[in-house]
Amino acid sequence: MDAGRDGAGPVRRALRAVRDVLDATDPGLVRLVGAAHTVGAICLALAVLWALGFGTPFLVAAGSSALVWSMVLTGPKEGEQAVTHALGLPAALLAATAAVLLAPYRVVSGAVFVVLLFVTVYVRRYGPRGTALGMNAFQMYFVMQFVPLPADQLPQLWAALAVAFGCGAVVRFVLLRTSPDRSFVRLRRSVRACLADVAEALAALADGDGATSGDRDRAARTTALRRRLRRLHTCALMLQDSVEACAAPAVAARVRTRMTETDVRAERLAVMLLRAGQDGGTSGQDFAHHLYLPGPGTRRGGPAAGGDSLAVRLRALPETLARGGTPADAAVPASPRADAGPAPAVADAHQALTDFEQAAAGLREAFRWSPGTRTVPAEAPAPEASPAAPAVPPAPVPPEPEPEPEPGGLRRPTTRAAVQVACGATVATAGGQLISADHWYWAVLACWMVFFNTSSTGEIALKGSRRVAGTLAGAFVGLFVASALAGHPWPAFVLTLVCVFGMAYTAALSYTAATFFITLMIALLSDLLGTYTDGLLLIRIAETAFGVLCGVAAAVLVLPRATGQRTDALLADALRSLADAVTTTVRRLTSPAADPSPDALVRAAHAADHRVEELARSLTPLVHPVAPHRARRRTSLYVLGLLETCAYHVRVLAVEAGRGAPGSWSASPARPMLEERARTVAVRLEALAAAGHADKAQPPSAPPAPGTGPPAPDEARVLMHFRRLDDDVRAIAGALPRPGPPDPAGGGGHGREPE
């Protein structure tokens with residue numbers, strides 16, 4: 001039946017399932033496409049050069065150039081990538097020529113190597129183009145250290161590199177072209193796959209409801225749900241970043257707004273569902289009772305079909321999202337205790353499920369826009385502001401903060417890192433020569449790589465340990481693989497390409513895995529070139545360990561920047577972004593004159609999300625399982641969790657504020673309470689960002705204006721999120737250490753560890 005319905009057999013269905021898994025785990029297939037670019041450029045370059053009769057050294061040089069350049073060439077637009085690609089060839093030619101001409105002069109060659117390292121790190125200040133050109137020049141100089149060529153063969157080397165760059169351009173811009181439109185289409189498919197995964201995880205909670213499902217099973221299902229929600233959120237952020245490059249502003253704004261709303265509704269549904277299960281107690285039988293109770297009788301603004309239970313609706317959710325409509329009516333199983341009514345938490349879960357279905361339907365409509373058409377189906381206009389609203393003065397708009405001046409001199413991050421690399425590489429060059437006069441450059445490479453994409457001592461040390469671990473694993477496997485494939489060049493070549501693909505695909509996921517594939521590839525290449533010896537991989541391990549040690553020592557001793565300094569700066573940025581998002585939301589709700597659009601609200605929340613994620617990456621050394629300071633690790637995890645919760649509340653508030661007209665709260669009796677809570681939250685966040693005392697930062701409360709009644713349900717929900725946001729900010733203040741001398745006023749909550 002499935003084959004007939006899908007019009008495909010089991011093989012095609014299996015391939016479709018694999019594609020769905022890739023779409024969900026690799027948003028936009030970014031890693032897969034990048035790895036395909038790398039392998040395709042190498043294969044095409046080697047095939048052309050082999051057909052032209054070039055020798056093995058030129059094949060190695062061209063293949064290495066294609067590998068490095070395919071991985072480092074980045075940019076948001078094809079035009080920018082094309083310009084960078086055109087500039088890459090002269091940089092590679094200059095570096096390779098200098099390496100060949102200076103090869104007989106070891107001291108001078110080593111000194112130029114160190115200078116080139118400094119320049120490579122320093123030019124990162126010029127963005128992706130500077131980073132790509134610097135890495136390209138350095139890697140070509142490095143490659144020519146183990147592919148020595150006489151100076152009279154330079155013209156052939158230039159021709160080989162030109163062929164490699166030409167083949168890379170053909171693969172990237174013709175055969176495997178990745179335009180913004182295509183990237184968005186892949187991300188759109190990934191969003192759908194992530195939504196399907198979330199729906200399946202939610203349905204799994206309904207499947208695990210009886211006595212056969214214990215607490216451990218429910219905990220595993222809950223963990224899977226949270227992991228898939230996190231994946232959906234990551235994919236949503238990527239889609240919002242990419243849509244700007246391929247859509248008109250109005251279209252991009254609508255897609256961003258709908259995507260944020262769907263992301264928020266999915267998270268809220270998970271929270272409400274788990275709360276409904278918790279209200280039933282810890283036994284599986286109680287949880288089943290709440291799942292099978294009839295719903296409150298509303299769905300999509302109308303009566304529920306037959307009073308469907310929460311379990312029935314959840315089990316039908318994957319089909320609902322796939323069809324873009326409501327599931328077919330189903331018989332409601334008898335509740336174990338049908339005489340009892342649904343708990344309030346269950347009613348909230350029903351409403352959250354309805355909201356999620358409506359948000360997913362809205363996103364589906366927004367996705368009807370096709371890149372290239374620049375058109376999108378019309379949407380219902382936003383409700384107009386009430387004409388009966390009294391003339392209430394709008395909330396004051398705070399002035400935009402002046403950007404902090406960028407540090408100069410040795411305080412500039414790229415300059416400091418360049419000096420550190422130069423010092424570490426100098427020691428690595430001298431020590432690497434003592435370990436092996438022929439492979440000293442491995443120590444320099446390891447010293448340099450630990451500084452790439454790192455900003456603090458802790459990050460450098462962690463990346464260094466991962467490089468050593470990957471090298472050990474790759475050397476262990478390489479000992480057996482190289483021996484087994486000795487004398488079999490074609491299998492070794494194919495496995496080398498597999499290693500290239502694995503390195504490119506895992507580079508963004510695990511540096512340990514990428515280093516493993518690099519080391520295994522070196523063993524295979526050495527076997528192909530006839531230079532493999534039993535002690536080669538041992539030298540590789542020793543050189544790598546020494547280079548990492550030099551890099552860490554340079555980070556600690558030369559212009560050090562502690563991990564705490566880096567995380568403190570990023571924490572302040574994240575707190576200020578949250579405060580900006582709160583202020584923007586309140587302006588939308590209370591001030592018809594100051595009219596931030598729904599897209600502006602989403603952008604502010606989006607910026608806060610990015611800041612929190614950047615902080616999470618910088619905290620990796622502190623929250624690693626082997627981190628030495630256990631108390632600091634617990635505090636970091638606790639604060640990071642609170643910040644992610646704050647970012648969630650900010651996203652919810654942005655969605656809620658964007659649904660109504662500007663100034664919709666201007667006549668609300670709850671407006672004074674809203675402004676008071678928002679002002680309190682914003683001031684606390686700013687105080688924490690400035691390393692102040694958030695508990696003392698609350699401004700004097702203005703006397704609230706007289707109200708005319710309780711807030712409406714939607715207003716109560718907004719106020720609830722502000723209250724919880726304030727609670728989370730207070731908790732962050734309680735977890736962070738107090739700045740300056742102890743406060744005699746007490747409060748001993750600051751600096752304590754969460755229980």
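The chain is numbered in sequence order, starting from 1. In this text, all values refer to a predicted model and were calculated from it rather than measured experimentally.
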Fill in: Heavy-atom side-chain contact between Trp158 and Thr97 under 4.5 Å
yes
Discussion item. For Phe452 and Trp448, take the angle between the two ring planes, folded into 0 to 90°, and tell me which bin it lands in: parallel under 30, tilted 30 to 60, perpendicular over 60.
Written reply: tilted
Practice prompt. Provide the closest heavy-atom pair for Ala492 versus Leu485 in the form atom of the first, atom of the second, distance.
Written response: CA-CD1, 3.9 Å
Worksheet item: Taking side chain as C-beta onward, heavy atoms only, is Leu239 less than 4.5 Å from Phe367?
Response: yes
Discussion item. I'd like to know if the side chain of Arg172 and the backbone of Ser70 have a donor-acceptor N/O pair within less than 3.5 Å.
Written reply: yes
Worksheet item: Would Phe517 and Val498 satisfy side chain to side chain contact (heavy atoms under 4.5 Å, CB included), going step by step from the backbone distance to the final call?
Response: CA-CA 9 Å; Phe517 285 114; Val498 172; 5.6 Å; no
Fill in: Spacing of Ile518 atom CD1 and Ile522 atom CD1 [to the nearest 0.5 Å]
7.0 Å
Fill in: Neighbour count >12 (heavy atoms, 6.0 Å) for atom OH, Tyr532
yes
Worksheet entry | Considering all heavy atoms, the nearest Leu157-Ala96 contact | CD2-CB, 3.9 Å
Worksheet item: Among Leu524, Thr519, Leu525, which one satisfies side-chain contact (heavy atoms from CB on, under 4.5 Å) with Met521?
Response: Leu525
Fill in: Check ion pair Arg258-Glu365 (N to O, under 4.0 angstrom)
no
Worksheet entry | N/O donor-acceptor pair under 3.5 Å between Thr262 side chain and Ala359 backbone | yes
Fill in: Val255 vs Arg188, side chain to side chain contact (heavy atoms under 4.5 Å, CB included): CA-CA, chis, key distance, verdict
CA-CA 10 Å; Val255 171; Arg188 184 172 61 187; over 6 Å; no
Worksheet item: Are Met144 and Tyr441 close enough that some pair of their side-chain heavy atoms sits under 4.5 Å apart?
Response: no
Worksheet entry | Pairwise distance CG(Leu619) to CD(Glu614) - rounded to 0.5 angstrom | 11.0 Å
Practice prompt. Could you go through the side chain to side chain contact (heavy atoms under 4.5 Å, CB included) check for Leu133 and Val123 one step at a time?
Written response: CA-CA 9 Å; Leu133 294 176; Val123 296; over 6 Å; no
Worksheet item: Is there a side-chain contact between Leu462 and Ser465, using heavy atoms and a 4.5 Å cut-off?
Response: yes
Discussion item. Does any part of the side chain of Gln81, heavy atoms only, come nearer than 4.5 Å to the side chain of His85, both counted from C-beta?
Written reply: no
Worksheet item: Is there side-chain contact between Arg186 and Thr178, with at least one heavy-atom pair below 4.5 Å?
Response: yes
Response to the item:
Note: Arg265 and Phe356 closest approach over all heavy atoms is CB-CA, 3.7 Å
Worksheet item: Backbone N or O of Phe451 within a donor-acceptor pair of the Thr454 side chain at under 3.5 Å?
Response: yes
Discussion item. Within the structure provided, determine whether Phe54 and Val48 are in side-chain contact (heavy-atom separation under 4.5 Å).
Written reply: no
Item to complete: Using the salt bridge (charged side-chain N to carboxylate O under 4.0 Å, His left out) rule, collect all pairs that involve residues 21-39, keeping only residues at least two apart or in two chains.
Response: Arg19-Asp23, Asp23-Arg189, Asp26-Arg31
Worksheet item: How many angstroms lie between CE in Met71 and CE in Met135, if you round to the nearest 0.5 Å?
Response: 7.5 Å
Fill in: Point-to-point distance, once rounded to the nearest 0.5 Å, from OG of Ser190 to CZ of Arg231
10.5 Å
Practice prompt. Walk me through it: do Tyr126 and Thr414 pass the test side chain to side chain contact (heavy atoms under 4.5 Å, CB included)?
Written response: CA-CA 10 Å; Tyr126 299 110; Thr414 52; over 6 Å; no
Worksheet item: What pair of heavy atoms forms the shortest contact from Arg611 to Ala574, and how long is it?
Response: CB-CA, 3.7 Å
Worksheet item: Relative to each other, are the rings of Trp69 and Phe165 parallel, tilted or perpendicular (30° and 60° limits)?
Response: tilted
Worksheet, complete the sentence: Only one of His606, His233, Glu261 passes side-chain contact (heavy atoms from CB on, under 4.5 Å) with Arg651, and that residue is His233
Discussion item. Can you confirm whether Cys43 sits close enough to Leu497 that some side-chain heavy atom of one is under 4.5 Å from a side-chain heavy atom of the other?
Written reply: yes
Fill in: side-chain hydrogen bond (donor to acceptor under 3.5 Å, both in side chains) evaluation trace for Gln139 with Ser64
CA-CA 8 Å; Gln139 288 288 0; Ser64 301; over 6 Å; no
Worksheet entry | Atom pair CD (Gln240) and CG (Leu187), whose distance is rounded to the nearest 0.5 Å | 11.0 Å
Worksheet entry | Ala61 versus Leu161, closest heavy-atom pair with distance | O-CD2, 4.1 Å
Practice prompt. Identify whether the distance between the nearest side-chain nitrogen and carboxylate oxygen of Glu613 and Arg230 falls below 4.0 Å.
Written response: yes
Practice prompt. Determine the minimum heavy-atom distance between Ala514 and Ala507, stating which atoms define it.
Written response: CB-CA, 3.9 Å
Worksheet item: Just by distance, do the side chain of Asn136 and the backbone of Gly88 share a donor-acceptor pair under 3.5 Å?
Response: yes
Worksheet item: Atom CG in Asn453, atom CD1 in Ile460: separation rounded to 0.5 Å?
Response: 11.5 Å
Worksheet item: Is the Tyr122 ring parallel, tilted or perpendicular to the Phe118 ring (thresholds 30°, 60°)?
Response: parallel
Worksheet item: Would you find a donor on one side and an acceptor on the other, under 3.5 Å apart, between the side chain of Thr506 and the backbone of Gly502?
Response: yes
Item to complete: Hey, can you tell me if Phe480 and Phe476 have their rings parallel, tilted or perpendicular (30° and 60° cut-offs)?
Response: perpendicular
